[in-house]
Amino acid sequence: MSRIRQGAPGLGEMEVRQAVASAKLRPAQASSVAAFLEHEPSAVTTWVTHGPAALARVLYELTLAGHGDKVAAPTCARCGRGGLKLSTQKPEGAVCYSCRRPHRPCSACGKQAPTMASTESGPVCRRCYRPPTRVCGGCGREAPIVRRSGGGQADLCAECYRGPEGVCTSCGVTGRVKASKALPGARLCRACQDRPARACADCGRSRPSMANWPVGPLCDSCYRRRRRNPVACGICGEVRIAAGRTSGGGAACGPCTGRPELHATCARCGHPGDLYTAGLCARCVLVDRVGELLAPARGEAAGQLRPLAEALGAAPHPRSVLAWLRRHSAAALLADLAAEGEALTHEMLDRLPRMKATRNVRELLVGTGVLPARQENLARLEAWTSTFIGALPAGQARVVGPYARWHIVRDARRRAARRPYSARAADADVRGIRIAAAFTAWLDHEGLGLAELTQVDLDRWLTEHPTMHRGTRAFVRWAIIRRLAAKHLTAAAPRWPLPSDFLDIDELDAQLSRCLNDTSLPREVRIGGALSRLYALPLTRIVTLTADRYTQEADGQGYLTLERNPVLLPPKLDRLIQEQITGAASTSMISPHSESPPFLMPGRVPGRHRSINWLYTQMRKHGLPVRPARNTAMIEAITCLPPIVVADLFGIHPGTADSWARYANASWTAYLAARREDAGRTVRSTDTARLRGPHAAGGE
């Protein structure tokens, strides 16, 4: 393509040939590009809107190869956006993939968007389009058809078109797989299909090759890793993409191995490595995209969103944020809020529909310091209470409303002022309000009022609803204090069952040893399992531990403060916690704004810890039950130490420790005596029955 070299003298012949080959131009397209450049040679460096799409593809490939400073950046003739791959030729010029269809008002939603299809009611956009429903030629079911019949092929639904569900032979990802043409007997996902399978030069696995560099064939993961992690070249010393190896086994860059096209730098910041689009690295593209997203902000919102823009632009993984901006509904909601210009407050977000996108936007704004942190579970309880009371009949609302607002919600606020108000506490309070509403509805059905309620009626309700004792008792006590019910009414407090789920002491020791020594387990699972088996800590306490609770003395011994006093850690657990503090990978999209100590187990939300359900599921998945281990660890501790010492070290209420001590003294005397007699030997089967508690042993 001599015409392209004439328009951009700084390009080499090999570079142009490589770009033309990557653009996959047909002979007719190459001829049209040459004819166009004969009349407008400046289009190589100064893009014209009526330029052909074939030329745009060649310039796009040159930009990806790191020559964006030598050629023009094609822009779509319809939307005007640059940095995109222009794929279709229209009368007005080359257009991008999104604009290849005509833009008309959608007959369903009314938005001006590319027309996906023309129906009887008019044109519809992609979001409103629904494929026709017919009998699938693959599975025989009546389903939406995504590939129409023709050329000897039958109609296929989405499931049959994508192929059966399975595990890719190459990458191991579970999804839709198809038989491979290159690997007989293999079933590959779409990303691995129809590429030659060769031994990767880095990992050695036989997988479809993504590229053939001087170092050898590279699979997808190794190819991306090399492009996104430039290193110092062992020949020239420059920090570049490691395209090959030196004779001594060190890294060698593309120019030093005879492949200069494998060296690319960002046209703006000069960062060497993988370019994202239009000759720019992912970081520079992210800054531009965030600026475009929040550009419409005005008024107070413009100043408020500045910390969010800075946090997104400085995210540790820019490609993840770019994918979030492109796909997530929270990004669209954030753009709408910025365009409105209204001051961002929690009250303003509360007026929006309660959906996942709203919750994600709130977490981002709180995590970056745009909004102050608040007790979200308490706010959820308050909002739910107002909605629930407003939907009750007037008679019930007059009684249940004051009970919910001035008893349950006020008590929840008081507890939230002392400590974090958990989701489980909010669920329990919601259940209490529901029980009060159900009880008053039952009274209305029976033709009774609280003033006419007798003990016989109350006992009948409790007999018919045995799972509502606790909530009913709280509501009746409140009604008596408010003089809405007779003073003689009593509702028996529910008896909590004694612990009955335990582990054999040898099984507990084996699980603890596994947590401390099994490197195949995730590190967070090992730490959670060891803490629950050594100190009987619940998962709610483990996930909320912060890194500043760990200290190391001059003698090298590590301590973990569970409540007030530090507890000495075993050496192996000490090393695990040190590794977790120094190398814990936060799964949050952006870095937290808060200056508070980081959590020992950071979560996906900025400045938040791991989910309790996540840790519980992971421990169950790896064969580490939680409740039996905690019960057994508590019995072991309470029989070796005084209850007040256990309460002080483990951070439990003294009354709880005393209850465990009385339970151990009343029910475990025989077991403790047997352990003293059989010290050093394994626990007999009769002892195991005692270990599981009085109910399993058949005693009182």
Side-chain angles (χ1 to χ4, degrees), residues 24 26 28-29 53 57 76 78-79 84-91 94-197 207-208 210 220 323-324 326-333 353-357:
K24 299 179 181 179
R26 295 190 296 270
Q29 293 175 325
R57 291 207 300 272
C76 177
R78 285 186 174 172
C79 65
L84 303 177
K85 190 173 183 178
L86 308 185
S87 58
T88 308
Q89 188 72 36
K90 293 294 181 180
V95 297
C96 63
Y97 180 83
S98 300
C99 298
R100 76 190 194 283
R101 300 180 181 275
H103 283 56
R104 289 180 287 180
C106 176
S107 59
C109 63
K111 293 183 178 180
Q112 189 85 7
T115 300
M116 182 65 183
S118 297
T119 63
E120 296 179 356
S121 57
V124 292
C125 63
R126 177 178 291 275
R127 290 189 176 184
C128 301
Y129 173 71
R130 298 294 179 267
T133 301
R134 293 195 295 270
V135 176
C136 174
C139 60
R141 298 179 303 168
E142 188 168 338
I145 300 301
V146 298
R147 194 195 71 181
R148 300 180 180 181
S149 59
Q153 297 177 335
D155 289 336
L156 289 181
C157 64
E159 300 294 327
C160 297
Y161 177 73
R162 289 196 295 263
E165 190 84 16
V167 178
C168 178
T169 308
S170 173
C171 63
V173 174
T174 301
R176 300 290 170 182
V177 294
K178 291 183 179 180
S180 171
K181 298 178 182 178
L183 294 174
R187 304 189 68 83
L188 304 178
C189 63
R190 174 175 290 184
C192 299
Q193 285 169 11
D194 303 330
R195 280 188 281 163
R207 303 179 64 183
M210 183 67 183
D220 282 354
W324 179 82
R326 187 172 61 252
R327 302 171 186 170
H328 209 285
S329 57
L333 176 60
R354 301 185 67 85
M355 55 185 182
K356 185 177 180 180

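Side-chain atoms of C157 and P144, non-hydrogen and from C-beta on, never get closer than 4.5 Å to each other. Two residues are said to be in side-chain contact when any heavy atoms from C-beta on lie closer than 4.5 Å; R141 and V135 fail this criterion.
For V124 against C106, the heavy-atom pair with the smallest separation is CA-SG, 3.6 Å. Scanning all heavy atoms of the two residues, the minimum distance from A330 to W324 falls at CB-CZ2, 3.8 Å.
Residues that satisfy the side chain to side chain contact (heavy atoms under 4.5 Å, CB included) test with A332, not counting sequence neighbours, are absent from this structure. Not a single salt bridge (charged side-chain N to carboxylate O under 4.0 Å, His left out) links R354 to another residue, sequence neighbours left out. Applying the side chain to side chain contact (heavy atoms under 4.5 Å, CB included) rule to S329 yields the partners A357; only residues at least two apart in sequence or on another chain are considered. For R327, the side chain to side chain contact (heavy atoms under 4.5 Å, CB included) partners are A323, not counting sequence neighbours. Contacts of V146 classified as side chain to side chain contact (heavy atoms under 4.5 Å, CB included), with partners at least two apart in sequence or in another chain: A158, Y161.
The structure places CZ of R134 at 4.0 Å from CG of D155, a figure rounded to the nearest 0.5 Å.
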